[in-house]
Number of protein chains: 2
Amino acid sequence: MKKKGVTSREVARLAGVSQSAVSRCFSPKASVSEATRQKILDAAKELGYRPNSIARSLTTRSSRTVAVVIHSLESPFYSMVLERAARFFQGQDYHLQLFVASPGESINDVIDSLIRSQVEGVLMLAITLSVDQASMLADVGIPTVIINRTVDYAGISQVGCDNFHGGFWAATHLARAGHHRIAFVAGLAGSSTSEQRRDGFAAGLEAAGHTLAYQDIGHYRYDDARQAARRLLSRESPPDAIFCANDLMAIAVMETARHEFGLRIPEDVSVMGFDNVAMAAWPSHDLTTVAQPIDDMVIKATELLMHQVRDEETQPQHIKLPIVPMVRGSTRPPLKC
Amino acid sequence: MKKKGVTSREVARLAGVSQSAVSRCFSPKASVSEATRQKILDAAKELGYRPNSIARSLTTRSSRTVAVVIHSLESPFYSMVLERAARFFQGQDYHLQLFVASPGESINDVIDSLIRSQVEGVLMLAITLSVDQASMLADVGIPTVIINRTVDYAGISQVGCDNFHGGFWAATHLARAGHHRIAFVAGLAGSSTSEQRRDGFAAGLEAAGHTLAYQDIGHYRYDDARQAARRLLSRESPPDAIFCANDLMAIAVMETARHEFGLRIPEDVSVMGFDNVAMAAWPSHDLTTVAQPIDDMVIKATELLMHQVRDEETQPQHIKLPIVPMVRGSTRPPLKC
DNA sequence: GTGAAAGCGCTAACAG
DNA sequence: CTGTTAGCGCTTTCAC
């Protein structure tokens, strides 16, 4: 019973009209008389006709497709961003092509594939782009918005939050609580986001007369952060406060501190994260963190992308949203002086 | 500097060959002499040529695209499945079109969109399909695999695990631990998965001489499950064991029990989940659960789908994988008798 | 091995 | 409002 490939021509024949009438009938601004429209619709229904959007894309030279490139779905922050972005694009009648790009070479393949697919825009989630890669996209004229990473190239839009300030605030918060041996768990080595958070954190510590005692790396992942926590907490004089480049790692650090080292949080060690994922608010984690305005980020990024897609003239923008401190129970309260 | 739309014809002209030579040069089984191949490649590089895959799809009548339809990305189980599926399809040089389908009417729109896009296959993640919807896909000849949901229609493949047995085991485990007032928190009302788990659970209780004391519903979501937990634990004689249709809800129940009702787990109330997401193993949750063989499920589902895509003759299959009991600390140990 | 020619299914002028 | 006519950029016979 396969009705594979019903074409507009077949519908036209059945309806006794020209093929282009059928085409018009399925176009937004149809100039078709009610009479023929009905004939066509009937014929179409009978045959189970659906316009072939590949053919349409070829003639209109518009794929109505955007690509989303994501590094991993482990972090709930990006699942959330992806889900919202997907809903947004669906609402705009755009298709979404998903690519997962592990850090490294594979990004070039993804970009190549993207371009061949004629996607009209690209949303990069936490993807670190080289200038070459960024300019390749710009050269072929595909608007691109990077969320949560920066690239030193003006031709591409970026949406993120004030990571430096977030890190700075984290430092201030920990310093006020009277911490002394303070550690930072980085995300990825080359990640601008992680670096900005660390730089802000270091600056904040310095401003408070402290220095960053230890640094380790957790690749934004739970397992790696547990390892990092083990290393940090096994030191001769272990940190009494740990700031992590995202919430997932912060939670991993808490798990390790509590269940492997028998430490109390925040009495023995304060822990802070970044993002404010839903989980961070769960009572057992109760994580003090730097909230990224996820709604705003997605809205800004998707709308900016669509503007650039629809209007060639729209210039790439760099948008930096304010962070929101979220004080919860995983950090000691400020000392009263 | 926009090099928009370099065509094979332009490459051909620059290389001094015919357009079809260029086409061959970019086809797998090229029958091109090394000499011209080199000329073409040089010209292509100079112009920044990339074959337009939309045009290719139109002529070959093959989009090399599959669709993945997902209900939500809140549950880490499906994020995981999606990520793995994405990597698999990328490895097969297939594009992945992502659709998010909130339960309800929107699925029809998604299916319509799918068909127009000429996707070659569909992977449905936890999507409840009506027979009409399922047969629509089958009628147009698009192979479809449903993960973790059943539909009473043979034309569509299904991959899932033995939910009934999982529920049964959960009941047995709780009964052995000496529980009496046992509750179940369902996922979604019409969800076959949730119903099978409940049926198996009820059967297991019955086999052990118990009955299902309470039922509530959490829509597979954290927030709703917290509400359900509040209702259950506020009862006059609250349950002493709660089995939830997925891990996310089980964790929500634990959070509520511990932090809102001051209950100890498992001393005051045992909690069980289903899925075995990564989080379930984290020490603070330490959740006893029924593990779904996620790797196998994804492999089976994606490979089955690709077989059906490549070979029309491959018949739809219903695959039921065995579950794996994961006993952790959120349930009381069995009574010694 | 290579070029010419005929489409894939649709949209978009252009006449009528 | 409707039909005719060109393509969109590529793959694919089919001769040469």
Side-chain angles (χ1 to χ4, degrees), chain A residues 3-41 43-44 47-65 93 95 113 115-120 140-141, chain B residues 3-41 43-44 47-65 113 115-120 140-141:
Chain A
K3 305 175 186 167
K4 220 171 177 177
V6 183
T7 75
S8 58
R9 180 171 267 93
E10 306 179 45
V11 175
R13 187 163 35 213
L14 202 164
V17 298
S18 79
Q19 181 269 333
S20 57
V22 177
S23 172
R24 285 192 197 95
C25 190
F26 286 88
S27 288
K29 29 82 184 174
S31 54
V32 196
S33 74
E34 198 45 49
T36 55
R37 151 179 239 85
Q38 206 45 249
K39 280 193 300 187
I40 293 173
L41 256 30
L47 297 174
Y49 170 71
R50 284 188 181 72
N52 177 328
S53 45
I54 291 187
R56 172 196 297 239
S57 291
L58 185 60
T59 47
T60 60
R61 273 182 281 336
S62 119
S63 61
R64 290 194 82 80
T65 298
D93 254 302
H95 290 300
S113 184
I115 299 178
R116 293 176 188 234
S117 297
Q118 315 289 114
V119 301
E120 298 181 20
V140 294
Chain B
K3 304 176 186 167
K4 222 172 179 175
V6 183
T7 75
S8 57
R9 180 172 266 90
E10 305 179 48
V11 175
R13 187 163 33 213
L14 203 164
V17 297
S18 78
Q19 180 270 331
S20 55
V22 177
S23 172
R24 287 194 195 94
C25 189
F26 285 89
S27 288
K29 29 85 186 174
S31 55
V32 197
S33 75
E34 199 45 51
T36 55
R37 148 180 242 85
Q38 207 43 250
K39 279 194 300 187
I40 293 173
L41 257 29
L47 298 174
Y49 170 71
R50 284 186 182 75
N52 177 329
S53 45
I54 292 186
R56 169 193 301 232
S57 292
L58 185 61
T59 47
T60 58
R61 273 182 285 331
S62 120
S63 61
R64 290 194 83 80
T65 298
S113 186
I115 300 178
R116 293 176 187 232
S117 297
Q118 315 290 111
V119 301
E120 296 181 23
V140 294

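Chain A is the first sequence line, chain B the second, and so forth, proteins listed ahead of strands; every chain is numbered from 1. What you see below is based on every heavy atom in this structure, not just the backbone, and it leaves out hydrogens, waters and symmetry mates.
- Evaluation of the salt bridge (charged side-chain N to carboxylate O under 4.0 Å, His left out) test over residues 50-59 of chain A, restricted to residues two or more places apart or in two chains, returns A/Arg50-B/Asp112.
- DNA chain D is contacted by both A/Val17 and B/Tyr49; A/Val17 maps to the nucleotide lying nearer its 5′ end (nearest heavy atom per residue).
- Picking from D/dC8, D/dC10, D/dT4 the nucleotide with the shortest atom distance to the side chain of A/Ser18 gives D/dT4.
- Where DNA chain C meets chain A (any atom under 4.0 Å from a heavy atom), the bounding nucleotides read 5' to 3' are C/dG9 to C/dA13.
- Across the protein-nucleic acid pair, B/Gln19 atom CD and D/dG7 atom P stand 15 Å apart, rounded to whole Å.
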Report the C-alpha separation of B/Ser63 and A/Ile54 in whole Å, then their side-chain angles, then the decisive distance to 0.1 Å, and conclude whether the side-chain contact (heavy atoms from CB on, under 4.5 Å) test is met.
-> CA-CA 8 Å; B/Ser63 61; A/Ile54 291 187; 3.7 Å; yes
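- Going from atom CZ of B/Arg61 over to atom C1' of D/dT13 covers 13 Å, rounded to whole Å.
- Within the 4.0 angstrom heavy-atom criterion, no nucleotide atom of any strand lies near A/Ser57.
- Residues B/Ser33 and A/Ile54 each lie close to DNA chain C; by heavy-atom proximity, the contact nearer the 5' end of the strand is made by B/Ser33.
- One atom, CZ of B/Arg56, and another, P of D/dC8, lie 19 Å apart when rounded to the nearest Å.
- A/Ser20 comes within 4.0 angstrom of a base, heavy atoms only.
- A/Ala44 and A/Val11 make their closest contact through N-CG1, 3.9 Å (heavy atoms, listed as atom of the first residue, atom of the second, distance).
- Listed for the B/Ser57 side chain is a donor-acceptor partner under 3.5 Å among the backbone atoms of B/Ser62.
- Within 4.0 Å of B/Ser23, counting heavy atoms only, lies at least one base atom of the nucleic acid.
- In this structure, CZ of B/Arg9 is placed 10 Å from C1' of D/dC10, rounded to the nearest angstrom.
- Taking the nucleotide of DNA chain C with the nearest heavy atom to each of B/Thr59 and B/Arg37, the more 5' of the two is matched to B/Arg37.
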Evaluate the side-chain contact (heavy atoms from CB on, under 4.5 Å) criterion for residues A/Asn52 and A/Thr7: first the C-alpha distance (whole Å), next the side-chain angles of each, then the deciding distance (0.1 Å), finally the verdict.
-> CA-CA 8 Å; A/Asn52 177 328; A/Thr7 75; over 6 Å; no
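- No donor-acceptor distance shorter than 3.5 angstrom exists from the side chain of A/Ser8 to the backbone of A/Ser23, with no hydrogens or angles considered.
- Of the two residues near DNA chain D, B/Asn52 and B/Arg24, the one whose nearest nucleotide lies more 5' is B/Asn52.
- Rounded to whole angstrom, the span from the CD1 atom of A/Ile115 across to the C1' atom of D/dG9 amounts to 17 Å.
- Of all heavy-atom pairs between A/Val6 and A/Tyr49, the closest is O-CD1, 3.3 Å.
- Residue contacts shown for A/Thr36 are limited to sugar-phosphate atoms, with no base heavy atom under 4.0 Å away.
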